[in-house]
Novice: 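This is the structure I have questions about; it appears just below.
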Amino acid sequence: MHDFDYERPVSLVEALSLMARHNGHARPLAGGTDLIDQMRLGRHQPGALIDVKRIAELNVLAADADGLHVGAAVPCCRIVEQPLVNQQYTALVDSCRIIGGIQIQSRASVGGNLCNSGPAADSTPSLIALQGVCVIAGPAGTRRVPVERFCTGPGQNVLQPGELLVEICFPPRPPHSGSHYRRLIPRNEMDIAVVGVGAAVELDESGRTIRAARIGLGAVAPTPLWAEEAGALLAGQPADDVQFARAAEAARKIVSPITDMRGTREYRIHVTGVLVQRVLRAAVARARGEAFTYLPGH
Amino acid sequence: MATADKRPYKVIGTRPVRHDGADKVTGRAKYGGDMRLTGMLYGAMVRSPHAHARIVSIDTSQAEALPGVRAVVTSADMPAQGDRVVELGEGAANMRHLTANILARDKVLYRGHAVAAVAADNVHIAEQAARLVRVEYEVLQPVMNVLDAMRDDAPILNDDVRTESLGAAPQSPDQSRPTNIAKHFLFEKGDVAKGFAEADLVIEHEFDTAMVHQGYIEPHNATALWNTDGRITIWMSTQGSFTARQQTAELLRVPVSSVKVVPMEIGGGFGGKISVYLPPVAALLSRKTGRPVKLQMSRADVFEATGPTPGSHMRLKLGVTRDGRITAGEAWIAFDAGAYPGSPVGMACMCVFACYDVPHGRVEGFDVCVNKPRTNAYRAPGSTHVAFAIETIVDEICEKLGLDPLEFRLKNASREGTRRVDGPVFPRIGMVETVQAIRDSQHYQSPLAGPCRGRGVASGFWFNVGMKSSVTATVNLDGTVSLIEGSTDIGGTRTSIAMQLAETLGIAAEDVNPTVVDTDSIGYTDVTGGSRVTFATGIAAVEAARDIQRQMVQRAALLWDVDPAAVKYDDGRLLGPAGKQFTFKELAAEIHQTGGPIIGSGTSSSATQGGAFGTHCVDVEVDPETGKVQILRYTIAQDAGTAIHPSYVEGQMQGGVVQGIGWALNEEYWYDDRGTMRNATYLDYRLPTCYDVPMIETMIVEVPDPQHPYGVRGVGEVPICPPPAAIANAIYHAVGVRMRRLPMSPPNLLSEILQRFQD
């Protein structure tokens with residue numbers, strides 16, 4: 001590995017000034033589960049690592065009237081133990097439980113997963129489904145970017161030199177809503193998504209009609225996708241398999257996967273539809289408060 | 001399960017704690033990666049980014065100029081080998097090919113092929129320097145597939161390779177042109193045309209299997225010191241210290257006795273840690289610098305530049321009568337050897353019909369060079385490939401004829417006296433008993449319900465080799481015995497060898513202290529491989545124990561002042577006339593007063609075994625929408641001859657099955673168009689994890705091998721052979737598609753399922 005500087009700021013102001021001083025040659029370090037491996041392989045050679053784990057704003061995990069705030073450095077293991085997230089943002093919990101093993105989950109952050117901007121990132125489809133918004137701080141102040149517009153290509157995103165992802169915030173979940181994430185992997189654990197689907201649904205009081213739905217897709221395009229039309233056409237429709245199949249078809253139309261060692265293009269298109277239906281079924285069951293058990297990988 | 005009358009044993013068949021257990025579970029065991037020597041330098045390899053290219057030039061000047069760099073070596077530093085063919089313990093090797101595999105000479109033949117090496121003050125400088133070595137390549141067209149490589153117009157890898165015909169008429173009289181087909185085997189028995197004419201049903205299919213890796217956790221490593229007196233010491237992870245010594249000496253063209261190999265603990269090998277890759281390079285760097293040099297591979301290096309097992313293309317044909325008796329079999333088997341000749345296709349030819357009495361057979365095999373790493377042994381090399389083909393065809397025959405697949409196997413099973421298609425006649429073997437064990441098992445007898453679920457069975461065969469082993473044992477004054485052996489311990493053999501010594505001496509396993517030592521400290525011992533150690537090194541240990549018995553008898557006779565013939569060694573006691581008696585411990589305390597130390601020694605060399613058989617039963621569930629397979633239940637029955645330490649026998653059976661499941665479902669070398677393996681990580685090379693396999697249920701069958709004093713058969717390899725076929729059969733019974741390509745990964749299986757519903 002090459003030589004580099006290491007900084008550990010304790011405030012956001014200090015972090016931003018360090019980022020500015022290194023003038024685009026620094027990379028923020030949260031859990032490091034992607035970054036350190038990439039540096040060992042020589043894929044990234046930053047001149048400095050800015051460790052953001054000591055910054056208060058990046059470690060927030062709390063709800064207020066605006067909804068849920070997840071600091072960019074909060075590790076998966078904290079998220080899966082947070083009671084409100086477990087009740088209302090279950091897709092996020094589903095994602096955080098299957099990112100690596102226990103050791104990885106103790107370090108890896110959702111913010112880091114998003115900033116790494118891998119097409120197959122397991123948390124991003126859930127963030128999209130739950131309407132997450134990125135809060136980004138930089139030399140010019142703070143700006144907000146919806147998660148579905150954050151990634152711009154494999155390993156690429158909207159962050160400009162000197163900018164830092166501070167948190168992802170989510171609007172409060174309406175009543176009668178539920179969400180779920182699952183992925184297809186050839187193994188049952190410790191694997192990378194061949195296709196990943198996150199969905200959040202809101203039902204009416206009867207629990208039979210869908211008021212709104214959002215679907216996020218992973219590993220089927222150069223960036224994670226928001227299947228906007230697939231979600232939109234469910235609005236006002238009965239929550240049943242016929243409608244789920246329509247959504248699946250709509251989702252299949254927007255994907256542009258590649259053939260690689262993880263699966264063929266045809267396979268990924270097919271499985272996109274299969275998973276959209278399964279995930280919607282599960283999200284609806286959760287919205288209805290029905291018992292729903294899910295064994296990852298199966 | 002005891003399937004034969006057993007002699008009563010006191011130690012054999014028990015489950016003592018392994019002698020190296022405490023070091024292993026506390027992390028104190030020393031592996032190659034732990035080596036730290038004063039003044040040690042760290043090395044890094046320069047590897048080819050191309051699958052096939054001519055080396056135009058190598059410029060090491062920039063690397064050498066980097067501060068902290070102490071030496072750079074290329075193939076120019078390796079001694080010339082000429083056309084020598086050398087016997088290297090596990091078969092003869094063409095030294096020109098072997099040396100070019102260590103450091104490429106004029107061509108690189110696969111991505112990851114080593115081209116140069118650097119030694120520097122630390123690993124970071126070494127890696128940086130490796131990037132500064134400028135290699136100019138003339139890129140050539142790679143050939144990645146065995147059938148493509150056999151075509152007349154294929155790119156040729158080695159211009160010195162001509163087809164060697166073994167039992168077959170030369171394919172082409174023109175031996176002037178180089179070819180990728182290094183060997184052509186042919187075995188024949190009876191009259192195949194007559195056999196197929198007698199058949200009521202003939203099934204024939206083609207099969208493909210992907211190249212797969214052994215997947216040991218510990219990467220290859222070597223630390224070398226070439227001393228100023230010309231003596232070379234190598235600390236390394238190896239399956240065979242003596243074969244590593246010999247290979248290193250031959251590659252460096254130094255006398256074999258000037259090399260000492262110190263085997264460190266080993267984190268898995270499965271056949272892949274027999275060939276040497278790093279030791280000669282580390283030695284050359286050490287000679288240039290006068291300091292010890294350590295080389296370690298990365299995971300990608302291990303995948304790209306060590307010896308996986310071949311991918312294959314096979315055509316298999318089997319004829320049977322209506323009542324389910326095999327009349328004839330024919331097989332055409334082509335293996336990709338990788339960059340240089342030497343795939344186990346010959347073994348595959350011997351194994352393909354070995355489970356069955358095939359009256360008329362013909363087997364043809366081809367060893368073919370392609371632009372992939374030079375292949376090497378992997379647990380029952382060649383047998384898993386052919387088991388996938390034959391055992392799925394047998395299942396299809398049973399389905400078409402409405403026969404129970406186990407009854408079919410019992411009817412056709414190889415038995416004592418059956419002659420294999422390649423010639424040898426089986427001695428007493430346990431194929432039938434393993435089939436019976438599965439037939440009578442709770443698993444096979446229980447119903448399997450539920451949609452998209454299916455059950456499959458398959459059998460498999462693998463040889464057990466004997467080869468050479470040495471053991472010495474010294475008696476301590478406190479009545480314990482120190483056991484010195486040369487067999488590197490991969491699967492708990494310190495304990496299984498110690499138990500045989502203990503049984504023979506009539507002492508406790510805990511009273512034997514086994515140590516694996518370097519090549520200067522014990523007699524020649526062949527590799528830990530071929531399912532041989534518990535068998536052959538066991539025989540040597542029994543010999544050593546008998547040697548000790550003889551000496552103890554003499555000491556007792558001396559103390560009692562009687563003729564040694566009047567003293568009997570019986571179950572750890574020495575019995576003399578008139579009720580005189582010593583326990584082993586009592587007499588051990590007297591040895592310094594009766595002539596000094598007692599050292600027993602034993603060797604074994606020529607014994608060969610009848611071989612090992614196993615039959616497996618698996619239940620699967622297929623997700624018909626995604627093609628993903630879950631293993632619900634798995635039972636293995638295997639003939640162990642006599643299980644010395646049943647826990648280790650079960651461990652071998654379970655480990656083999658898990659590797660077979662990985663091979664069946666997901667493992668493969670996935671290459672892009674340029675011949676680059678795109679999944680050279682454990683993230684994307686999908687070994688099964690503990691979430692993917694159920695507890696493997698084991699049934700040890702014991703049909704003692706008459707050639708071993710305690711009836712031992714090797715158990716390490718055959719358990720990997722049946723799983724791909726058993727799982728393929730189960731998938732068929734679950735969703736109605738016959739898989740004839742490995743791996744049966746979700747995309748591959750789903751495409752077959754979708755095709756079936758289209759048809």
Side-chain angles (χ1 to χ4, degrees), chain A residues 1-4 33-34 37-43 45 97-102 104 118 120 122 182-195 197 219 241 245 248 257-278 281 295-298, chain B residues 122-128 130-131 210 298-300 303 621-632 661-662 664-673 676-694 743-755:
Chain A
M1 199 189 280
H2 73 290
D3 287 342
F4 56 88
T33 55
D34 282 316
D37 221 33
Q38 289 161 355
M39 287 169 61
R40 280 192 335 131
L41 294 171
R43 213 180 295 162
Q45 302 199 344
R97 277 194 204 285
I98 57 174
I99 292 175
I102 286 170
I104 296 289
D122 276 312
R182 74 168 68 179
R183 63 185 178 184
L184 188 288
I185 51 174
R187 290 188 289 209
N188 290 338
E189 273 287 358
M190 307 297 285
D191 214 329
I192 193 157
V194 177
V195 178
V197 176
D241 282 357
I258 56 168
T259 291
D260 68 5
M261 62 281 188
R262 295 171 193 148
T264 59
R265 174 183 159 80
E266 298 72 33
Y267 184 72
R268 286 182 153 123
I269 293 172
H270 175 88
V271 171
T272 299
V274 173
L275 288 195
V276 164
Q277 296 176 68
R278 290 181 183 183
R281 241 173 259 144
L295 191 58
H298 289 70
Chain B
N122 66 48
V123 72
H124 305 289
I125 298 171
E127 284 171 1
Q128 194 187 344
R131 286 192 291 271
S298 69
R299 182 67 59 198
F303 276 116
E621 182 174 283
V622 179
D623 183 332
E625 292 184 321
T626 65
K628 186 166 168 176
V629 175
Q630 299 287 348
I631 309 287
L632 302 175
I661 289 172
L665 293 182
N666 282 306
E667 291 180 39
E668 66 177 315
Y669 271 54
W670 202 94
Y671 283 100
D672 66 15
D673 299 341
T676 300
M677 182 189 183
R678 296 300 298 275
N679 59 335
T681 68
Y682 276 154
L683 181 60
D684 281 317
Y685 184 89
R686 296 187 165 85
L687 298 173
T689 77
C690 57
Y691 294 102
D692 303 311
V693 290
M744 300 177 283
S745 60
N748 289 350
L749 178 51
L750 185 77
S751 107
E752 297 293 328
I753 291 172
L754 293 179
Q755 211 168 312

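Here is how names work: the chains are called A, B, and so on, in the same order as the sequence lines, proteins then strands, and each is numbered from 1. From a predicted model like this one, the values you see are computed outputs, not experimental measurements. Side-chain atoms are counted along with the backbone in the values below, which use heavy atoms only and exclude waters and symmetry mates.
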Novice: In Å and rounded to the nearest 0.5 Å, what is the CG to CG distance from Asn666(B) to Asp191(A)?
Specialist: 8.0 Å
Novice: Side chain, backbone, both or neither: which part of Leu683(B) has a non-hydrogen atom closer than 4.5 Å to chain A?
Specialist: both
Novice: Checking Asp692(B) against chain A: side chain, backbone, both or neither under 4.5 Å from a heavy atom?
Specialist: both
Novice: Using a cut-off of under 4.5 Å for heavy-atom pairs, which of Met190(A), Arg268(A), His270(A), Glu266(A) has the most such pairs with chain B?
Specialist: His270(A)
Novice: What pair of heavy atoms forms the shortest contact from Met1(A) to His124(B), and how long is it?
Specialist: N-ND1, 2.9 Å
Novice: Are more than 12 heavy atoms, taken from residues, nucleotides or ligands other than Arg299(B), located less than 6.0 Å from that residue's CZ atom?
Specialist: yes
Novice: Distance check, rounded to the nearest 0.5 Å: Met261(A) atom CE versus Ser745(B) atom OG?
Specialist: 13.5 Å
Novice: Any chance OH of Tyr682(B) has more than 12 other-residue heavy atoms, nucleotides or ligands included, within less than 6.0 Å?
Specialist: yes
Novice: In terms of heavy-atom pairs under 4.5 Å, which option from Asp672(B), Asp684(B), Thr689(B), Asp623(B) contacts chain A the most?
Specialist: Asp684(B)
Novice: Between Pro688(B) and Arg187(A), what is the shortest heavy-atom contact and its length?
Specialist: CA-CD, 4.5 Å
Novice: On a heavy-atom basis, which atom in Pro747(B) and which in Gly263(A) lie closest, and how many Å separate them?
Specialist: CG-CA, 4.0 Å
Novice: Heavy-atom cut-off 4.5 Å, strictly under: side chain, backbone, both or neither for Tyr685(B) against chain A?
Specialist: backbone
Novice: Under a 4.5 Å heavy-atom cut-off, does chain A meet the side chain of Glu625(B), its backbone, both or neither?
Specialist: both
Novice: Any side-chain heavy atom of Arg686(B) sitting closer than 4.5 Å to one from Ile185(A)?
Specialist: no
Novice: Run Thr626(B) and Arg278(A) through side chain to side chain contact (heavy atoms under 4.5 Å, CB included) and show every step you take.
Specialist: CA-CA 12 Å; Thr626(B) 65; Arg278(A) 290 181 183 183; 4.0 Å; yes
Novice: Please report the interatomic distance CH2(Trp670(B)) to OG1(Thr259(A)), rounded to the nearest 0.5 Å.
Specialist: 7.0 Å
Novice: Heavy atoms only, distances under 4.5 angstrom: which of Val271(A), Ile192(A), Asp260(A), Thr264(A) has the most pairs with chain B? Name it, please.
Specialist: Asp260(A)
Novice: Atom CG of residue position Leu295(A) - does it have more than 12 heavy atoms of other residues, nucleotides or ligands inside 6.0 Å?
Specialist: yes
